[in-house]
> 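Next up is a structure, given as structure tokens.
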Number of protein chains: 2
Amino acid sequence: MARKPRQKRAKETVNAIIEAGFIAMAEHGPAATTTRQIADIAGVGVGSLYEYFDNKEQIFQVMAERFVADTIALIQPLVPTLVRKPIRDAVRELLQQFKEFLQQNDARYLKCARHAMTLGFEEHLEPLQKTLQELVTQYLMHHPETLTIRNIPTMSYIMINGGIFAVVRHLSEPAPPIDFDELVEGLANMIGHYTEQEMALIERQGAESS
Amino acid sequence: MARKPRQKRAKETVNAIIEAGFIAMAEHGPAATTTRQIADIAGVGVGSLYEYFDNKEQIFQVMAERFVADTIALIQPLVPTLVRKPIRDAVRELLQQFKEFLQQNDARYLKCARHAMTLGFEEHLEPLQKTLQELVTQYLMHHPETLTIRNIPTMSYIMINGGIFAVVRHLSEPAPPIDFDELVEGLANMIGHYTEQEMALIERQGAESS
DNA sequence: TATTTTTTCCGAATTGTATCCGAACAAGCA
DNA sequence: TGCTTGTTCGGATACAATTCGGAAAAAATA
């Protein structure tokens, strides 16, 4: 950011630009959005973009940051509720909420997530991953019997990344081969089965050694 | 493609352009690759790009097609071997091969996969998905006891998409929280556990109803 | 309030990139 | 060889990104 907005008016301008970025991007895709489009939608002159952003790329960066921040803001308050539920219910709940979140405002965020890579999304993804890790940790602490599961970091890595992508990809597909609800159910089952299987294994081992 | 190359010389030109596309893209990322860069690397004039491609975008499209085709060419011959292995071994083998494939040629394909969305990769992904579905189907046929698993389409959707993404993301991360081998092991376990758990369930049901 | 200083906004001018096009060159063919 | 078709090229054109200098608005000062 070339300069920081000091006055309220300027902050509104910055905000309008970011909003306009989402709108333009949702409509034309990232490659085809021009600075003029963004400026027009935001109702500001083209020059104003460069008052607060070094270049077009940086507008996208900030958009990605905001998207991640909003996603985290969605998840954080759900944590206390989720950790008390059975694993399958927790997964279902989380994914349904995430779906609704992505589809707000004409699915603006969904379209953003589709082009996530373009936006250098990856660099900004870390906080979200951390939040989800935290959710997993909290969940495990509320269900002490699950703490015996092996390779928890690896498995949560897989579930988090695989889960995010499977959902985003599904919501992006024009004619998905399966329903969203089936997908959610599948993910819930996958995770549910895994934990159950692991716990059964542990129990068996415990029985052996006793 | 505006025109088809008829002479050998022209085919070489087209090929050089596509190769140059991969090199330029791996070096600068998709947003920052210019037509001049591609032309220079390919050793042709800028004008030549437009003899066989309608625009820069289409070069990327063709690159994506080639990437998918090459991936399929990697997987196809592995199928007969994979279907005879235990599920965990099959997953391990497939992923190790895929990793090596992505890291050929200075990890050119890996960098391509990172920016997959940008390239309109999704549209071209279908054949790959189909191939993997076919692999799953073949596998199931060679292990008839697994055919009783419920929701096979959903679960293979999740495993295929989640698996591809988890691997690509992992290989892209500068400092991944887990080893690649751990990731592979985790995926193998996830899939292994799931099938085992499902089969245990089925068996129990069978016992009940008899 | 009048004046000065700071912040914000703008859009024409500049710069760079994608794309087009017609001349020049090479290949196939009679 | 002369003719036709395919191929290559790089300057010309069009359009998008970015810059810049000054006008307008807001804040600070007196």
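Order of the sequence lines fixes the chain letters, A, B, ..., with proteins taken first and strands second; residue numbering starts at 1 for each chain.
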> Between A:Lys56 (NZ) and D:dT18 (C1'), how many Å, whole number?
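Atom-to-atom, A:Lys56 to D:dT18, this comes out as 12 Å.
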
> Can a donor-acceptor pair be found between the side chains of B:Arg84 and B:His143 at a distance below 3.5 Å?
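Short answer, no.
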
> Measure from CD on B:Glu51 to C1' on C:dA26 and round the result to the nearest Å.
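These atoms are roughly 14 Å apart.
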
> If you pin A:Arg36 and B:Gly43 to their nearest nucleotides in DNA chain D, which one's is more 5'?
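Its nucleotide being nearer the 5' end, the pick is B:Gly43.
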
> How about B:Tyr194 and A:Tyr194: are their ring centres within less than 6.0 Å of each other?
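Ring centroids of B:Tyr194 and A:Tyr194 are no less than 6.0 Å from each other.
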
> Give A:Thr35 one of three labels, base, sugar-phosphate or nothing, depending on what nucleic acid heavy atoms sit under 4.0 Å from its own.
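Base, at least one base heavy atom under 4.0 Å.
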
> Rounded to whole angstroms, how far apart are CG on A:Leu49 and C1' on D:dA16?
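Taking atom C1' of D:dA16 as the reference, CG of A:Leu49 is at 12 Å.
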
> Would you indicate which nucleotide in C:dA27, D:dA16, D:dA27 comes nearest to any side-chain atom of B:Gln7?
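Closest nucleotide among those given: C:dA27.
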
> State which of D:dG6, C:dT19, D:dC9 makes the closest approach to the side chain of B:Arg6.
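Out of D:dG6, C:dT19, D:dC9, the nucleotide with an atom closest to B:Arg6's side chain is D:dG6.
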
> Looking at the side chain of B:Tyr50, which of C:dC10, C:dC20, D:dT7 is the nearest nucleotide?
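Comparing C:dC10, C:dC20, D:dT7 against the side chain of B:Tyr50, the answer is C:dC20.
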
> Among D:dT7, C:dC10, D:dA17, find the nucleotide with the atom closest to the side chain of A:Ser48.
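Closest nucleotide to the A:Ser48 side chain: C:dC10.
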
> What's the CD1-C1' distance between B:Ile38 and C:dT17, to the nearest Å?
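In whole Å, C:dT17 C1' and B:Ile38 CD1 are 12 Å from each other.
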
> Establish, with yes or no, whether the OP1 or OP2 oxygen of D:dT8 is under 4.0 angstrom from a side-chain nitrogen or oxygen of B:Thr13.
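The answer is yes; a side-chain N or O of B:Thr13 sits under 4.0 Å from OP1 or OP2.
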
> Taking atom types as modelled, is there a side-chain donor on B:Arg169 or A:Gln129 under 3.5 Å from an acceptor on the other?
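There is such a pair between these side chains.
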
> For DNA chain C, whose closest nucleotide is more 5', that of B:Arg9 or that of B:Val46?
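Result: B:Val46.
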
> Taking NZ from B:Lys11 and P from D:dT8, how many angstroms apart are they, rounded to a whole number?
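That distance rounds to 13 Å.
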
> Of all residues at least two apart in sequence or in a different chain, which pass the salt bridge (charged side-chain N to carboxylate O under 4.0 Å, His left out) check with A:Arg92?
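Residues passing salt bridge (charged side-chain N to carboxylate O under 4.0 Å, His left out) with A:Arg92: A:Asp89, A:Glu185.
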
> Report the distance from atom CD of B:Glu12 to atom C1' of C:dA27, rounded to the nearest whole Å.
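In whole Å, C:dA27 C1' lies 14 Å from B:Glu12 CD.
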
> Could you state the OH-P distance from A:Tyr52 to D:dA17, rounded to the nearest angstrom?
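So the OH-P distance, A:Tyr52 to D:dA17, works out to 20 Å.
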
> Check salt bridge (charged side-chain N to carboxylate O under 4.0 Å, His left out) between B:Glu93 and all other residues, then give those that pass, not counting sequence neighbours.
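In terms of salt bridge (charged side-chain N to carboxylate O under 4.0 Å, His left out), with neighbours along the sequence ignored, B:Glu93 is linked to B:Lys85.
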
> Round to a whole Å and report the spacing from CZ of B:Phe53 to C1' of C:dA18.
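Going from B:Phe53 (CZ) to C:dA18 (C1'), I get 15 Å.
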
